[in-house]
Amino acid sequence: MNATYAPTFLNASQVQYLSSHAPFYYSPAPHLVSWMPDHYFALAVPVIAYWALSGVFHLLDISGWRWLDKYRIHDSTEVKTRNLVTRTRVVWMVLLQHALQTALGVWWIEEAPAGANVDHVGHMLAMAPAMASAIERVFGAEYGAQLLATKGGHALYTLYWWAIPAAKFFFGMFIIDTYQYFLHRAVHVNSFLYRNFHSHHHRLYVPYAYGALYNHPLEGFFIDTLGALIAEQICALSTREAMFLFMVSTLKTVDDHCGYSLPWDPLQLFSPNNADYHEIHHQAIGFKSNFSQPFFVHWDAILGTRMTRKDIELKRQKQKRGDVKTQ
C-alpha cells in the first residue's frame, strides 16, 4: 500500500513499519498445511486435538503410576463399575459426531484468502480514521494528534494484530458459553429432552477424556457443533481465527472430562470451570448444577446453579444434622 493513501498522521516510516512487521503467530503461506486448504484444515484440527489430548489422558489412565492417584478424581474401579456404556460404544459415537460435524463444516465454511493473499496493510489503513477519532476523543485533539504522529503506526499494528483478534476470541468464548449453558440447562430441566437425548452423556457417571463428546448425535449437533459455528459467524472470525477457537474449545472440553485435578494443567488454571467442577455435575448431588461449559462459570454464578466442593460439604452436614434431629 502506497503511503500517499495513508491517513495524514501516518508518515512513510510508519507505513513501512506496518508493511514489514507481523506477529509471531502470522504465516504468509496461503495454507498452513501446503496440501490442504485452510477451511478444510480448520475442520481437521478439532478432531486431531480431541484424540491427541484424549490419548495423553488415556495413557495416564492405563499407566499404573501410583503417584497419579492423588490427582485422580475417581479411582479406576469406579470407571469400570459405575459407567453404563462400554468404551467401544463411546469411541464409535464420538467418531460419528466428528463425522457429522466435519460434514456440516464442509458445507458451512467457505474458502477465503489467507496469509499474504490478504491485504493486511490495506485493512489497517482502512481502520486508521476510526482509531484516530477514538484517540482524539479520549486524549483531546492536541495530545491525541501528538500520540498519533509518534505512536500511530504502533497503535494501529497492536489494534489490528492483537486487540481485535483477542476481543473476537474472547467474545467467541462468551457466545459458546452462553449458548451451551442455556441448552445444557434445558436438556436437564425438560424431562423429555433429558430422557431421549442428554441421558446418553450421563451414562458416563464417571467421565473420562475421550468420552467428552459421547452424546446422542442430535444433541452433539445442536449443542456442540452448531454452537461453535454460531460463534464463528457472529464474531466474523477468519478461517484461522475460527480454527484456533475450535481447537481451544475442543481441548477444554476434553480436559473438563479427563478425570484428573492437575495443579500444572493450564486448561484447569485459567478458569474454575475445570475437570473437578464438571465432575460434580456428573454426580447425583450436582445433577441440577454446574451447567456452564466449556470455559467459564459466570452463568452458573449469576443464575444460582453453581456448586462447589464446599457447597457439597455444607449440604451433607445439613443433611446429617437433619437426620440427627429426626432420630
Side-chain angles (χ1 to χ4, degrees), residues 43 46-47 49-50 85 90 93-94 96-105 107-109 168-205 207 209-235 237 242 245-257 267 271-275 277-307:
L43 302 177
V47 178
Y50 186 95
V85 61
V90 168
M93 293 302 292
V94 172
L96 175 60
Q97 177 161 335
H98 281 155
L100 292 174
Q101 77 180 34
T102 302
L104 177 63
W107 172 78
W108 179 279
I109 300 180
K168 291 165 70 175
F169 175 72
F170 282 105
F171 187 44
M173 294 169 73
F174 173 78
I175 291 172
I176 291 174
D177 268 358
T178 301
Y179 181 87
Q180 291 202 12
Y181 174 86
F182 288 101
L183 264 67
H184 188 195
R185 185 170 180 172
V187 296
H188 273 270
V189 172
N190 186 292
S191 59
F192 173 83
L193 292 177
Y194 180 81
R195 183 173 61 255
N196 290 282
F197 299 102
H198 194 54
S199 62
H200 288 246
H201 183 68
H202 279 271
R203 291 173 185 171
L204 290 177
Y205 187 85
Y210 64 82
L213 290 183
Y214 172 69
N215 299 306
H216 187 284
L218 284 178
E219 180 188 349
F221 169 77
F222 280 105
I223 294 185
D224 297 301
T225 303
L226 195 57
L229 295 181
I230 289 173
E232 179 262 340
Q233 188 72 17
I234 292 176
C235 296
L237 300 177
L245 178 63
F246 295 165
M247 180 187 72
V248 174
S249 177
T250 298
L251 292 174
K252 187 67 172 62
T253 299
V254 171
D255 197 89
D256 287 349
H257 292 80
L267 293 171
S271 167
N273 193 344
N274 51 34
Y277 186 84
H278 191 68
E279 190 275 340
I280 292 172
H281 172 74
H282 274 259
Q283 308 309 308
I285 196 169
F287 184 72
K288 294 294 181 71
S289 303
N290 295 10
F291 299 118
S292 291
Q293 57 184 44
F295 297 112
F296 304 107
V297 302
H298 55 276
W299 286 119
D300 277 324
I302 292 170
L303 298 177
T305 54
R306 184 179 183 182
M307 179 177 286

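Because only heavy atoms are used, hydrogens play no part in the values below, and waters and symmetry mates are left out as well, while side chains stay in.
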Note to self: Would you say CZ of F287 has more than 12 non-hydrogen atoms from neighbouring residues, nucleotides or ligands within 6.0 angstrom?
What the structure shows: yes
Note to self: I'd like to check F169 versus L237 (side-chain heavy atoms, cut-off strictly below 4.5 Å). Are they in contact?
What the structure shows: no
Check: When rounded to the nearest 0.5 angstrom, what distance separates CG in L245 from CE in M173?
Finding: 8.0 Å
Checklist line | Beyond-backbone contact of Q97 with F221, side-chain heavy atoms, under 4.5 angstrom | finding: no
Margin query: Would you say that more than 12 heavy atoms from the other residues, nucleotides or ligands in this model lie under 6.0 Å from the CZ of F222, or not?
Written below: no
Next item on the list: Would you check if L229 and L104 make a side-chain contact, meaning some heavy-atom pair closer than 4.5 Å?
Entry: yes
Note to self: Looking at Y179 and A231, would you say the former's side chain and the latter's main chain have a donor-acceptor pair under 3.5 Å?
What the structure shows: no
Next item on the list: Scan side-chain atoms only and decide if H184 and H281 contain a donor-acceptor pair under the 3.5 Å cut-off.
Entry: yes
Item checked: Closest non-hydrogen atom pair between A212 and H201, with its separation -> O-CE1, 3.4 Å
Next item on the list: First locate atom CZ of F291, then atom CG of D300, and finally report the distance between them rounded to the nearest 0.5 Å.
Entry: 7.5 Å
Next item on the list: With rounding to the nearest 0.5 Å, note down the distance linking OG1 in T178 to CZ in F171.
Entry: 8.5 Å
Check: Do H282 and P207 have side chains that get closer than 4.5 Å, going by heavy atoms?
Finding: yes
Checklist line | H202 versus H188, side-chain donor and acceptor atoms under 3.5 Å | finding: yes
Next item on the list: Taking N290 for its side chain and M307 for its backbone only, find out whether a donor-acceptor pair lies under 3.5 Å.
Entry: yes
Note to self: Pairing donors with acceptors under 3.5 angstrom, does anything connect the side chains of Y277 and D256?
What the structure shows: no
Checklist line | Close side-chain approach of I230 and I176, heavy atoms under 4.5 Å | finding: no
Margin query: If only side-chain N and O atoms count, and only distance matters, is there a donor-acceptor pair under 3.5 Å linking T305 with Y181?
Written below: yes
Notebook entry, point to check: Excluding sequence neighbours, so at least two apart, what forms ring pair (Phe, Tyr, Trp, His ring centres under 6.0 Å) with Y210?
Noted result: H58, Y208
Check: Side chains of I223 and Q293: closer than 4.5 Å at any heavy-atom pair?
Finding: yes
Next item on the list: Please determine, by modelled atom types, if H278 and H257 share a side-chain donor-acceptor pair under 3.5 angstrom.
Entry: yes
Margin query: Is it the case that the side chain of Q180 and the backbone of G227 share a donor-acceptor pair, with hydrogens and angles ignored and the cut-off at 3.5 Å?
Written below: no
Notebook entry, point to check: Cut-off 3.5 Å, side chains only: do N273 and S292 have a donor facing an acceptor?
Noted result: no
Next item on the list: State the CG-CG distance between L218 and L226, to the nearest 0.5 angstrom.
Entry: 12.0 Å
Item checked: Donor-acceptor under 3.5 Å (N190 side chain, F192 main chain) -> yes
Item checked: S271 side chain to F295 backbone, donor-acceptor under 3.5 Å -> yes
Check: Which residues satisfy the salt bridge (Lys or Arg N to Asp or Glu O under 4.0 Å) test with D177, sequence neighbours excluded?
Finding: none
Notebook entry, point to check: Is Y194 atom OH crowded by more than 12 heavy atoms from other residues, nucleotides or ligands, each under 6.0 Å away?
Noted result: yes
Next item on the list: Classify the side-chain pair E219/H198 by whether it contains a donor and acceptor separated by less than 3.5 Å.
Entry: yes
Item checked: Sub-4.5 Å side-chain heavy-atom contact between I280 and S289 -> no
Checklist line | Partner set under salt bridge (Lys or Arg N to Asp or Glu O under 4.0 Å) for E232, not counting sequence neighbours | finding: none
Check: Judged by modelled atom types alone, do N274 and D255 share a side-chain donor-acceptor pair under 3.5 Å?
Finding: no
Next item on the list: Report the relative orientation of the aromatic rings in F174 and W299; use parallel for angles under 30°, tilted for 30 to 60°, perpendicular for over 60°.
Entry: tilted
Check: Which pair of heavy atoms, one from N196 and one from H216, lies closest together, and at what distance?
Finding: O-CD2, 3.6 Å
